[in-house]
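Structure first, then comments.
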Protein chains: 2
Amino acid sequence: MAEFDTRLRILDAAEVLFTEHGFEATTLRQITGAAAVNLAAVNYHFGSKEALIREVFRRRLTWLNQQRLKELDRLEAEAGDSPVKPSRILEVFFGVALRMAADTEGGGRTFMRLLGRTYTKPSEFVSGFLAGEYAAVIARFKAALIRALPNVPGEEILWRFHFMLGAMSYAISGADALHIVDEAALDDGDTEALYARLMSFMLGGLRAPLPVLRRKSAKPARVRKVA
Amino acid sequence: MAEFDTRLRILDAAEVLFTEHGFEATTLRQITGAAAVNLAAVNYHFGSKEALIREVFRRRLTWLNQQRLKELDRLEAEAGDSPVKPSRILEVFFGVALRMAADTEGGGRTFMRLLGRTYTKPSEFVSGFLAGEYAAVIARFKAALIRALPNVPGEEILWRFHFMLGAMSYAISGADALHIVDEAALDDGDTEALYARLMSFMLGGLRAPLPVLRRKSAKPARVRKVA
DNA sequence: GTCTATATCGGGATAGAC
DNA sequence: GTCTATCCCGATATAGAC
């Protein structure tokens, strides 16, 4: 097997095992065993276990975010001067992710489950990396949503976006987690249905009446930055 | 320090460290070091690291779920024969959790962050345990929601409940994760505000128009169970 | 119940032959 | 680029004195 192959085999095996058992619990011996390559290959190709972890994220994440930006570009070009509809914006951001998560064979599904979990507790050495990969994308989508929903304060949009990420993460974790909630085997194999369910839930949440925020005790009201 | 104290000190320290670094990455040396007790104390008091992990969950989770059931009991008693409002149901289930998460000093906040993350990827030896702790609670709340929302199919309610758990988990992870999304420091210290934001988002999602589910290809339409 | 000291294991990483 | 063999470390767990 060529060297190129070895690299890929390691990445694929690592992705699966990290998702299954977490970073720390996964050993290089397990990875190289599953990939049917030599133990020393990881350090040869990636330098260290940490570097391997980063690469597992990088290869999928850059592609994912490029897709998102490309589709948003197209959407905004089509819309011209008028703002893009919120539903379309969400469809792009989460649709790309869910389509990746639906890709059982290519490993996309595995990766998205890993990503959702890592997001809430990034080890020090991935958090900075993740932030870098996401920064531009979030900025663009946030701006688009703010344009699309002029009545909702930017801060609220950000929180709701955050909540949506959580909903998506759990949606992708799917039945694995759901059977804690209910023994009835909910079919999470039907991606179309899951997508539709999640999207209607999110749109409902995004457009929900604004919460009544009571001013905090003594703090004087501050002028909000113009969005 | 008395033996009772030692046990508690270990539990508290473990909770913090597990939340911070995960189960695998946290060593007994770190735990006993932080707790200022002897290394051997963990095995004396709990038997093993795994047993310690389970106990970290058990002590908080049973209390949490007892509160939920108690408050739901009260709500249903007050409502008599009429169904309880969905918003009240959510307020109980998630309110109890968020109040616990707001308890910075008692360690509730730490624990809820840990719980949210564990839910999507329970190690084999906690998943069964978690399911057991949750089963009765979920059943009760699911039933209450189905009564409250007769127009929404039970299956949809379950999915939306699942999405809500995700939103809550991310809400509690809070700013730690949010600053991946946006550098602007969103104030997640204001529990009241967070609670209001999350609740309006969830209610919007729960009451959203039902998704249009296209029948799957060849499968004939089945009669749905009566809710 | 608490401690020190230690047994035993398995981890990541690397040296050096092929 | 790939392999074997090995280094070195730190993990959990326990034995046995106090």
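Being a predicted model, the structure only gives us computed values, none of them experimental. Naming convention: chains lettered A, B, ... in sequence-line order (proteins, then strands); numbering from 1 in each chain.
- The separation between B:L52 atom CG and D:dA11 atom P is 15 Å, rounded to whole Å.
- Ion pairing between a basic and an acidic side chain is recognised when a charged N comes within 4.0 Å of a carboxylate O; B:K121 and B:E24 show no such pairing.
- In this structure, A:H21 atom NE2 and C:dG11 atom C1' are separated by 16 Å, rounded to whole Å.
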Which protein N or O atoms sit under 3.5 Å from an N or O of nucleotides 12-15 of chain C?
{"residue": "C:dG12", "atom": "OP1", "partner": "A:L28", "partner atom": "N", "Å": "3.3"}
{"residue": "C:dG12", "atom": "OP1", "partner": "A:K49", "partner atom": "NZ", "Å": "3.1"}
{"residue": "C:dG12", "atom": "OP2", "partner": "A:L28", "partner atom": "N", "Å": "2.8"}
{"residue": "C:dG12", "atom": "N7", "partner": "A:R29", "partner atom": "NH1", "Å": "2.9"}
{"residue": "C:dG12", "atom": "O6", "partner": "A:R29", "partner atom": "NH2", "Å": "3.1"}
{"residue": "C:dA13", "atom": "OP2", "partner": "A:K49", "partner atom": "N", "Å": "3.0"}

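- In this structure, B:H45 places its NE2 atom 15 Å from P of D:dA13, rounding to the nearest Å.
- Between B:R58 and B:E133 there is no salt bridge, since no side-chain nitrogen of the basic residue lies less than 4.0 Å from a carboxylate oxygen of the acidic one.
- Looking only at side-chain heavy atoms (C-beta outward), B:W63 and B:M100 come within less than 4.5 Å of each other.
- Nearest heavy-atom pair across A:G204 and B:A208 is CA-CB, 3.8 Å.
- Legend: residues meeting side-chain contact (heavy atoms from CB on, under 4.5 Å) with A:F125, ordered by chain and number and at least two apart, are A:E50, A:I53, A:R54, A:S123.
- Going from atom CG of B:L17 over to atom P of D:dA11 covers 12 Å, rounded to whole Å.
- Counting to the nearest Å, the P atom of D:dT2 and the CG atom of A:D5 are 9 Å from each other.
- Under the side-chain contact (heavy atoms from CB on, under 4.5 Å) criterion, B:T118 pairs with B:F23, B:F57, B:L114, B:V126, B:L130, not counting sequence neighbours.
- Residue B:N38 has a polar side-chain atom (N or O) positioned under 4.0 Å from OP1 or OP2 of C:dT4.
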